[in-house]
Amino acid sequence: AQSLKDGFEVQLDAPDMKPDLYFVVVGTNGSYGDLDQAESDCRILSSSVQALNRAQNAFGKVHAISFLGEEVGPKTLEQMRGHLSGIRPEDHLYLYFSGHGNTSMGSEYHYSYHDQKDGQNGIAFSDLDKLLVQCAARQKLAVINTCYAGRSDITQDSVKASREFLTMNEIFPNLLPSSGAFVLSTSSGYEEIMEVNLDNQSISPVAYRMRSVLQRSENLTVTEFCDNMIQYLNSRSTWTYSPEIRQMNKHHDISNSHD
């Protein structure tokens, strides 16, 4: 027999600090004027997020940051980096991109600048990923609502390869460099999407669903949020969305509220 060992108990009396929410929207209809919703969707989402500042919510402070129209250009990421310089590891970061996207054969995805429809002169996904890597927050989600935003290494003609890839991802951890963020795209890497207004509302289904989730009181993880978005965007055959999670961070499956 052995007597009980001495032990001790540590109690922390520090106040419960809520995380801040950083919500960044980037939207441009393009200088060609062939889009109508990208900028208006961003304004709607930004206004909805700012309203959280005036209500009882799970966040200490809400930072709503917008880059719209002609503000979207070569300096956008650097300016965004400045806005996020004060973000802490416990804070939450949501990014929303809406506008034109493009990728050419053998090239990565680019989000187009306002004055350039050809996405090759835009924000490269690798540069966005670098910003996410440098961001101190452990809890990050980026939603890309453009054409060609999904993975381009798995094509529609390689269903067998796609299944094998997804199975391998489930069995083995991804050892490639990663920003630790979730990235949800509303299109595949080889398809266009068409603008559509939700019935009787001047808002796209993507922005509408995001706003609904932000206004909810229940606790949703990012995986649940992404699954909710994917199920909703696939619910109507008339919509041309092909949503997918192109990057996942299971170690920080964040929620939209804080207990």
Side-chain angles (χ1 to χ4, degrees), residues 21-28 35 37-49 52 62-68 72 76-77 80 84 91-101 103 109-112 119 122-125 127-129 131-132 135 137 139-151 178-189 191-193 195-196 198 203-216 220-235 239-249 252-256:
L21 170 63
Y22 286 76
F23 195 90
V24 184
V25 294
V26 184
T28 172
L35 294 179
Q37 295 176 326
E39 295 176 26
S40 62
D41 277 355
C42 285
R43 290 190 180 94
I44 291 171
L45 286 174
S46 184
S47 296
S48 299
V49 168
L52 293 176
V62 176
H63 308 262
I65 304 160
S66 300
F67 297 92
L68 301 176
V72 181
T76 298
L77 281 188
M80 190 184 302
L84 300 177
D91 293 334
H92 293 195
L93 171 63
Y94 285 72
L95 300 176
Y96 177 76
F97 288 82
S98 185
H100 280 298
T103 181
Y109 168 83
H110 286 70
Y111 173 80
S112 301
I123 298 174
F125 182 81
D127 290 333
L128 171 61
D129 200 53
L131 180 143
L132 292 171
C135 178
Q139 305 173 345
K140 297 169 278 195
L141 168 67
V143 177
I144 306 177
N145 183 24
T146 73
C147 298
Y148 310 111
R151 297 182 62 95
S178 171
S179 63
F182 284 81
V183 179
L184 173 67
S185 61
T186 61
S187 64
S188 69
E191 288 180 324
E192 295 182 353
I193 55 176
E195 278 195 324
V196 58
L198 202 60
I203 186 173
S204 72
V206 179
Y208 172 81
R209 201 60 167 183
M210 282 197 69
R211 182 180 65 178
S212 299
V213 171
L214 287 169
Q215 293 174 341
R216 288 180 177 181
L220 281 182
T221 65
V222 171
T223 296
E224 291 169 338
F225 166 79
C226 291
D227 288 344
N228 186 296
M229 290 284 292
I230 290 173
Q231 181 179 4
Y232 179 71
L233 295 178
N234 284 331
S235 64
W239 294 348
T240 58
Y241 299 109
S242 298
E244 63 181 59
I245 301 176
R246 67 169 291 165
Q247 187 167 299
M248 182 181 294
N249 177 20
H252 291 289
D253 193 8
I254 66 175
S255 65
N256 67 327

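- Of the possible donor and acceptor atoms, one in the side chain of Ser235 sits under 3.5 Å from a partner among the backbone N and O of Tyr232.
- Atom-to-atom distance recorded for Leu184:CG and Leu95:CG is 12.5 Å, nearest 0.5 angstrom.
- Between Thr103 and Phe125, the closest side-chain pair of non-hydrogen atoms is not below 4.5 Å.
- Between Ala207 and Asp41, the shortest heavy-atom contact is CB-CG, 3.6 Å.
- The minimum heavy-atom distance between Cys42 and Ser98, with the atom names listed, is SG-CB, 4.4 Å.
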- Using the side-chain contact (heavy atoms from CB on, under 4.5 Å) rule, take Arg209 and Asn228 through it: C-alpha gap first, then chi angles, then the decisive distance, then the call. CA-CA 9 Å; Arg209 201 60 167 183; Asn228 186 296; 2.9 Å; yes
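- Looking at heavy atoms from C-beta onward, Leu45 lies in side-chain contact with Arg211 at the 4.5 angstrom threshold.
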- Message: For a side-chain contact (heavy atoms from CB on, under 4.5 Å) check, start with the C-alpha distance between Ile245 and Ile230, then their side-chain angles and the critical distance, and finish with the verdict.
- Response: CA-CA 9 Å; Ile245 301 176; Ile230 290 173; 4.0 Å; yes
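- Side-chain atoms of Leu131 and Leu84, non-hydrogen and from C-beta on, do get closer than 4.5 Å to each other.
- Using a 4.5 Å cut-off on side-chain heavy atoms (C-beta onward), Tyr94 and Val143 make no contact.
- Between Cys135 and Lys140 the shortest side-chain heavy-atom distance falls below 4.5 Å.
- With values rounded to the nearest 0.5 angstrom, Ile144 atom CD1 is found 10.5 Å from Glu244 atom CD.
- Judged purely by atom type and a 3.5 angstrom limit, Ser187 uses its side chain to pair as donor or acceptor with the backbone of Tyr148.
- Looking at Thr28 and Glu39, their side chains come closer than 4.5 Å, going by heavy atoms from C-beta outward.
- With values rounded to the nearest 0.5 angstrom, Leu77 atom CG is found 6.5 Å from Asp127 atom CG.
- Taking 4.5 Å as the limit, every side-chain heavy atom of Leu128 sits out of range of all side-chain heavy atoms of Tyr111.
- Here the options are Leu233, Val206, Asn145, the test is side chain to side chain contact (heavy atoms under 4.5 Å, CB included), and the partner is Ile193; only Asn145 passes.
- Here the side chain of Glu195 pairs a donor or acceptor atom with the backbone of Gln37 at under 3.5 angstrom.
- With Tyr109 contributing its side chain and Ile123 its backbone, the two residues share no donor-acceptor pair below 3.5 Å.
- Between Leu141 and Cys226 there is a side-chain heavy-atom pair separated by less than 4.5 Å.
- The closest donor-acceptor contact from the side chain of Ser112 to the backbone of Gly122 lies at 3.5 Å or more, if one exists at all.
- Taking CZ of Phe67 as the start and OG of Ser46 as the end, the distance is 11.0 Å to the nearest 0.5 Å.
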